[in-house]
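For reference, the structure discussed in these notes is given below.
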Amino acid sequence: MLHTHSSAPTEFVTVNGVRYAYRRFGAARGTPVVFLQHFRGGLDNWDPTITNGLAKTRPVVLFNNAGVASSGGEPADTVSGMAKHVVTFINALDLKRVDLLGFSLGGSVAQQVVLENPGLIRRVVLAGTGPQGGESMDAFTPKVAEHATQETPVIENFLYLFFSPSETSQAAGRAFWERRHARADQDVPSSMAAMRA
């Protein structure tokens, strides 16, 4: 493995005027797994324990959709629009067949990608997600919105959104927070414009 989650350089590929940011690392062979992140998440919102674990046996590709964090272009305002950017990005890297790992909103996007491009996708892993438009999937509760839509993410919001209030879960969340901030050259946070889209 030449690079890890913490050492892989941020690279860019431009298609149709959109500059997509990504990091690629891990094994040289095997089906690449493309990671699709949660609402407002970017390259550095993944847990290195997971990405490095998968990278031991296959290529890993972390991806910022259009207008998210360090990617350029206008952020899509629909899941279908986000899915089109994913396919454009995969094709730009000349990847013939990939697996997708979609977390939360990224899981909705992954489902749309595979529905529209079944020949491109070998397998899909869905985590913390559901079907687009599914029951209770159309809006945040007021408390979740309060934590998810602040301009500058802080650990208290992160712990509320992704971990249960138990002591064990909160400790696990703090450890994850430390791992995800260990990289020296952190990606820029997603903009408020990306959040609104």
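Computed from a predicted model, the values in this text were never measured in an experiment.
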Should [X] and [Y] count as side-chain neighbours, where that means a heavy-atom distance under 4.5 Å?
X	Y	value
F25	N52	yes
L105	T129	no
V87	E116	no
N117	V98	no
L62	W46	yes
H85	V18	yes
L101	L54	yes
R23	H3	no

Point-to-point distance, once rounded to the nearest 0.5 Å, from [atom1] of [X] to [atom2] of [Y]:
X	Y	atom1	atom2	answer
T31	D99	OG1	CG	5.5 Å
F35	N45	CZ	CG	13.0 Å
S70	Q186	OG	CD	11.5 Å
I90	L100	CD1	CG	5.5 Å
Y20	L93	OH	CG	11.0 Å
T51	H5	OG1	NE2	4.5 Å

Following the transitive rule for hydrophobic clusters with a side-chain heavy-atom cut-off under 4.5 Å over Ile, Leu, Val, Met, Phe, Trp and Tyr, establish whether [X] and [Y] coincide in one cluster.
X	Y	answer
I155	Y160	yes
V125	V33	yes
L115	I121	no
V86	V13	yes

Could you check whether atom CZ of R97 has more than 12 heavy atoms from other residues, nucleotides or ligands sitting under 6.0 Å from it?
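Enclosed: over 12 neighbouring heavy atoms sit under 6.0 Å from CZ of R97.
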Should we count CG of N16 as having more than 12 external heavy atoms under 6.0 Å?
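At most 12 heavy atoms, drawn from other residues, nucleotides or ligands, come within 6.0 Å of this atom.
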By salt bridge (charged side-chain N to carboxylate O under 4.0 Å, His left out) - contacts of R180 (at least two apart):
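With neighbours one apart ignored, the set is empty.
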Just checking, is any N or O donor in the side chain of [X] or [Y] under 3.5 Å from an acceptor N or O on the other one?
X	Y	value
S80	K84	yes
S166	T168	no
R179	T49	yes

Is the backbone N or O of S164 less than 3.5 Å from a side-chain atom of Q170, with the two atoms forming a donor-acceptor pair by type?
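Answer holds: yes.
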Check whether D187 reaches the backbone of G42 with its side chain - one donor and one acceptor, N or O, closer than 3.5 Å.
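No, the answer is negative, given that no donor and acceptor are paired below the 3.5 Å cut-off.
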Side chain to side chain contact (heavy atoms under 4.5 Å, CB included) between F176 and F163, worked out:
CA-CA 10 Å; F176 175 18; F163 294 86; 3.6 Å; yes
Indicate the atoms forming the closest heavy-atom contact of [X] with [Y], along with that distance.
X	Y	result
G81	A76	C-CB, 3.5 Å
A69	N64	CB-ND2, 3.4 Å
K96	L120	O-CD1, 3.5 Å
A21	S71	N-OG, 2.7 Å

With side-chain hydrogen bond (donor to acceptor under 3.5 Å, both in side chains) as the criterion, how do R183 and S6 come out once you've worked through the C-alpha distance, each side chain's angles and the decisive distance to 0.1 Å?
CA-CA 5 Å; R183 186 180 169 104; S6 295; 5.9 Å; no
Are F89 and F63, when compared by the centres of their aromatic rings, separated by less than 6.0 Å?
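That pair passes the under 6.0 Å test.
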Give the intermediate values and the outcome of side chain to side chain contact (heavy atoms under 4.5 Å, CB included) for residues Q111 and L126.
CA-CA 8 Å; Q111 291 172 73; L126 301 174; 3.8 Å; yes
